[in-house]
Amino acid sequence: MNATIAVDPALADAVDVARAALLEEVSADQVGEHVTSHVEQEGALTHVFTCTHPGYVGWQWAVTIAGGSGHRITVDEVVLLPGETAIVAPHWVPYKERLQPGDLSPGDLLPVDDDDPRLVPTYLVGDDVDEADREQIKGVAADLGLGRVRTLSVEGRDMAAQRWHDGDGGPEAPIAKSAPQSCWSCGFLVRLAGSLSEMFGVCGNGNANDDGRVVTYDHGCGAHSEVKLARKQQPVPVPEHAFDSFTVDLETF
C-alpha cells in the first residue's frame, strides 16, 4: 500500500465488492484468493486476486474501486496483469537488431541507417538538395562510373579487421594454434588490396576449412601448401598381391 496516502477503511474492506465486479467479467473458476491491495490515489484502491486460469499461471486480477467513506463505492476497471512469476513475452527487439550474422535467408532485407558510422559517402551531394535532385545526381554518378554511393569509413574498416582477427580465421582459432605453418607463406593465400592487405588475405584452397574466407596472415591450418607428412605419418604401402599356385580351388570347376 502507498504509505503517503491514508487508506480508506471502507475501500480496504470492500473485497467482496471487488470480487463481485470481477465475477461479472470472468467465470468463478478463473478467480482465486485475495492476495493484497494497494492505494492508487486518494479515494481509489486496487484489490488483487490470484488468476487460476491454466493459461495464465502467475498472473493476477486487479480490480480498482473508488469512493469510500461517505461515498458510494464504484468499480473503475478490471484488468489481468502479470505477477512476478508470470510467463510473459520477451522484450520486443526491432527486426534489424534481431538478425544476427548468418541469419539472412533468400529474400530477407537488412537496411543500413543513413548515419551508419561504418560508411562514408564516396562523393558529396549537399545537404540542401531535395530528394529528386539527389536521385538524379546518383544516376549521373553511376553513368560516369563513380561507383558506390558509400564506402567503408576508417571506423568501419577497423571494426571489420577486429572482427576478422578475433573470429575463426584469426590466430587464436584452435586450428591455427595447432597448424604447422602460417597462412602468410601458403601458396593458396590470395592477398587483399588496400590497407587491409597488410594483415589479411582470402584462402583459396578448396580442401581447407577456410576456403573462400578472410584469414589473418598468422592464421593457419593443416592444409598449408608446403606441409609434408613425416615418414611415420605416411600411409603404409600396400603389399603386392600373392597368388596361390599350389592349392586347387574346387569352386572353379
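In this chain, residues are counted from 1 in sequence order.
A distance-only check finds a donor-acceptor pair linking the side chain of R98 to the backbone of V93 [under 3.5 Å]. A donor-acceptor pair is defined here as one N or O able to donate and one able to accept, closer than 3.5 Å; such a pair exists between the side chain of W61 and the backbone of Q30. In this structure, the side chain of T52 engages the main chain of V31 through a donor-acceptor pair within 3.5 Å. Side-chain N or O atoms of D218 include none that pairs as donor or acceptor with a backbone N or O of S182 at under 3.5 Å. Checking side-chain atoms of H219 against main-chain N and O of G170 turns up a donor-acceptor pair under 3.5 Å.
In the hydrophobic clustering of ILVMFWY residues, with side-chain heavy atoms under 4.5 Å counting as a link, L196 and M199 come out together.
For the side-chain hydrogen bond (donor to acceptor under 3.5 Å, both in side chains) test, no residue two or more places apart in sequence or in another chain qualifies with E77. D8 is linked by a side-chain contact (heavy atoms from CB on, under 4.5 Å) to A10, L11, S69, counting only residues two or more places apart in sequence or in another chain. By the side-chain hydrogen bond (donor to acceptor under 3.5 Å, both in side chains) test, H53 pairs with no residue at all, sequence neighbours left out. For D76, the side-chain contact (heavy atoms from CB on, under 4.5 Å) criterion is met by T64, A66, T74, not counting sequence neighbours.
By the 30° and 60° cut-offs, the orientation of the rings of H34 relative to F49 is perpendicular.
For the atom pair SG of C186 and CD of Q181, the computed distance is 8.5 Å after rounding to the nearest 0.5 Å.
Around CZ of R150, the count of heavy atoms belonging to other residues, nucleotides or ligands within 6.0 Å exceeds 12. Within a 6.0 Å sphere centred on CG of D113, other residues, nucleotides and ligands contribute more than 12 heavy atoms.
Checking E33 against T50 by side-chain atom types alone, no donor-acceptor pair falls below 3.5 Å. Side-chain contact, D166 with Q162: a donor N or O sits under 3.5 Å from an acceptor N or O.
Between K177 and E172 there is a salt bridge, since a side-chain N of the basic residue sits under 4.0 Å from a carboxylate O of the acidic one.
Identified under the salt bridge (Lys or Arg N to Asp or Glu O under 4.0 Å) test for residues 15-26, with sequence neighbours left out: none. Sorted by first and then second residue, the ring pair (Phe, Tyr, Trp, His ring centres under 6.0 Å) pairs involving residues 162-195 (not counting sequence neighbours) are W164-F200.
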